Amino acid sequence: MNPKLKANLSRFQSVIGLIIFSIIISFLSDRFMTGSNIFNILRQTSINAIIAVGMTFVILTGGIDLSVGSTFAFSGAIAAFLVGSGYHPAVALIAALIVGCTIGMANGFIITKGYLQPFIVTLATMTIFRGATLVFSDGKPISAGYEANAEIFAAIGNGYTFGIPNPILIMIFTVGLGYFILKHTTIGRYVYAIGGNEEATKLSGVNVHRVKIFVYGISGLLAALAGVIITARLSSAQPTAGTGYELDAIAAVVLGGTSLAGGIGSVLGTVVGALIIGILNNALNLLNVSSYYQLLAKGLVILIAVLLDRKEK
Amino acid sequence: MNKKVLEMQNVSKVFPGVKALDNVHLNVYKGSVMALLGENGAGKSTLMKILSGIYKKTEGTIIYKGKELNVKGPKDAQIHGISIIHQELNLIDEISIGENIFLGREPKTKIGTIDWKKLYKDSANLLKPLNIDTDPKHKIKNLSIGQKQMVEIAKALSLDAELIIMDEPTDALTSEETNRLFKVINQLRLEGKSIVYISHRLKEIFEICDDVTIIRDGKFIAEKPVTEINEDQLIEMMVGRKLEEQYPYVDNELGEVFLEVKNLENHLIHDISFQIRKSEILGIAGLMGAGRTELAKTLYGYYKYKNGQVILDGKPIKIKSEIDAINSGITYVSEDRKKDGLVLGMSIKENISLSALRSLANGLLINHRVEKQAAIKYIDQLSIKTPSENQKVKNLSGGNQQKVSISKSLLTKPKILILDEPTRGIDVGAKKEIYTLMNEFKTQGMGILMISSEIPELLGMCDRILVMHEGTVSGTLEKQEATQESIMRLAVGIRSDNNES
């Protein structure tokens, strides 16, 4: 087979799987292919997709970021607190993003300068920031209040622009930006090179540490962005929000064809991966499958998808 | 003469595209030590890997204890009593000495658990004659390299080895540890064991070995008792071959001093000083572990230096990282292109541009058009054989991969180009192409530092040759005075001052 065609086929393999999967579900439930349900799926998927875009950057370098769920909750709590204290939502948003980005860069800094495994460092910061969130909120939800500010804030999660829910627009923007960085900037190229061969990349004169701090920073930033969206949607921050989100994000990245060893993959694949998980959740709900069975099914689908992907290689 | 334990006759080994061994003979006698000598890449390791079952021979016969032997694998070799002690010791640091000795063959109790009492008692019995007093329950990681070596020997003895192969055993040993090893070897000899001893240190050959077999370029050269040969003759046999016309040396006018290194020093290299002039190829010779790559990587900022001065083009420069080196005009093409040189999963274009990507970008944005042009330029200039610049590097041949690696360095517009084993693992045609390219760079005024383990290549291509030994410069030879013998002398640590005699 023509290598280019082959490459394209494998690239679109997960898309084809997604389409077949959707067709089957549309036969099983007539509520599936309705406009409102599709918006619903996309809105639910947007949170995971945004986190997973950051995770794609990290995994492309051969790393992993387990702390995103905690960063998500902590940043959300900060945003809710600031809005609730009367600050303008824009201030709250920016503050939350800075906090998230800082947590991520701290991960990257400790991993590179301390020569530590990303798994263990982010496992520790995951625990630390879950704890910090609980301390900060005293274990109770933090309300964004009921002032005019809170209404503007809520629009981040609930509002529409040009008839499209804002979280979906934010997801599209994030994916577009992620794609652009990886494809067209020097730092994006370095991300792939590090995942492909870190030693050779270092010996080519690339500041590997800086690139790694950058990718963890992006991951923290996007986790915070997702955290703000959820907080806005609910008008309050839950201290236990985002528990286990790191695993959904990793699943989306891997389902999207990115190699856990690094060097190979794309954010577009990740979006497809997030959509597969989103559609699966939605379909199981529509089919009235109990939430216990839903977990079982989700795990099995991930396992089967990864096994199929492996066979292709 | 003692009885032959092992006869390897007419052994050949063909790898795809390379004949690594060509009708080699090796005899080992009962209760005696046979030295196996040859330059780097002469085929010593290949021969020993065939004997210990790691490689399969292409042709030839192995007669062991009077019977023909077909070694099926490393385990099979062990069963027949052939043990190899590799240069890089195969011990597991985190478990005990005794566990290492009996790894995979632990004595069992009646109910199938490990019989620790017997394991440690047997270990102690094996270690005692080797002068190791350490409790076999101690972890390997706390032992010195010399002691680890003894544990490897104990392991070989526990397998009832009758033929023990030692590959560069004294490479990392202190002289005291070496003496202890020699005592053990003598003892083993008295017990009737046979040993194949591989070493670059010629003095040791005369000290501990009974006979010596010399191979060169995969061919058998000679077998002699050490009493009938001297050091000079050994060196001559190891390296003695005519310089073939495959080295297109260019005798151009050398320019002014371009790079000056003064007293460079770190934990790997000591007090290194030398100069490179414009349009000069300076060779670096030395045995494995002499510090050649370490010197190159120190100049390239990979290793930090504690003391010393680097002056490039009249200006003192500080090199703290690879980025500093590239920015000041020093670039390095790694000896191990797969591990250190290339990102195999990326395209030719992406590899060529990796070092100089910043200069191919407007701010953060890669200029894809300029990047493509640069890649195509070097694909043409270095005649890299590929259908397109988007081909993945892992699909290229070794020679073409090397050219991609060199292109990557050239794109940084270097003043000093360091080539570490530039022709390793590539075929003869591609070698010649690399030499021609080097001459082109040379006439353009670049200063080239060429590290190579192939002495003929250095003699053929270099204007001067610097020889290293144990992290220091043991001498520098002008083109006229450099010969295989003079280089070899310096490489084994005989200083140039007694070179005249």
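Note that the structure is a prediction, hence the values are computed from the model and not measured. Chain letters run A, B, ... following the sequence lines, proteins first and then strands; every chain starts at 1.
- Within the model, atoms CG of D336(B) and CG of L203(A) stand 10.5 Å from one another, a figure rounded to the nearest 0.5 Å.
- Counted within 6.0 Å of CD on Q373(B), heavy atoms from surrounding residues, nucleotides or ligands total more than 12; the atom is thus considered enclosed.
- Under a cut-off of 6.0 angstrom, the local environment of CE in M126(A) is crowded, with over 12 non-hydrogen atoms contributed by other residues, nucleotides or ligands.
- When I326(B), L354(B), N367(B) are compared by the number of non-hydrogen pairs under 4.5 Å with chain A, L354(B) comes out ahead.
- To the nearest 0.5 Å, atom CE of residue M346(B) and atom CZ of residue R189(A) are 6.0 Å apart.
- Counted within 6.0 Å of NZ on K113(A), heavy atoms from surrounding residues, nucleotides or ligands total more than 12; the atom is thus considered enclosed.
- Looking at heavy atoms from C-beta onward, I366(B) lies out of side-chain contact with T185(A) at the 4.5 angstrom threshold.
- No more than 12 heavy atoms of other residues, nucleotides or ligands sit less than 6.0 Å from atom CZ of F109(A).
- With hydrogens and angles disregarded, a donor-acceptor distance shorter than 3.5 Å links the side chain of S355(B) to the backbone of S204(A).
- Put simply, the side chain of Y192(A) never gets that close to the backbone of G345(B): no donor and acceptor are under 3.5 Å apart.
- Although no hydrogens or angles enter the test, the distance criterion places no donor-acceptor pair under 3.5 Å between the side chain of N207(A) and the main chain of I323(B).
- In this structure, the portions of K202(A) lying under 4.5 Å from any heavy atom of chain B include both its backbone and its side chain.
- Atom CZ of F21(A) is surrounded by more than 12 heavy atoms from other residues, nucleotides or ligands within 6.0 Å.
- A salt bridge does not link K339(B) to E199(A): none of the charged nitrogens lies less than 4.0 Å from a carboxylate oxygen.
- With rounding to the nearest 0.5 angstrom, the CG atom of L365(B) is 12.5 Å from the CD1 atom of I187(A).
- Atoms OG1 and CG, on T186(A) and L364(B) in that order, are 5.0 Å from each other to the nearest 0.5 Å.
- N197(A) approaches K338(B) most closely through the heavy-atom pair ND2-O, 3.2 Å.
- In this structure, no portion of S405(B) lies under 4.5 Å from any heavy atom of chain A.
- Other residues, nucleotides and ligands place more than 12 heavy atoms under 6.0 Å from the NZ atom of K415(B).
- For E371(B), the part sitting under 4.5 Å from any heavy atom of chain A is the side chain, from C-beta outward, and nothing else.
- For D340(B) (side chain) and A200(A) (main-chain N/O), no donor-acceptor pair under 3.5 Å exists by modelled atom type.
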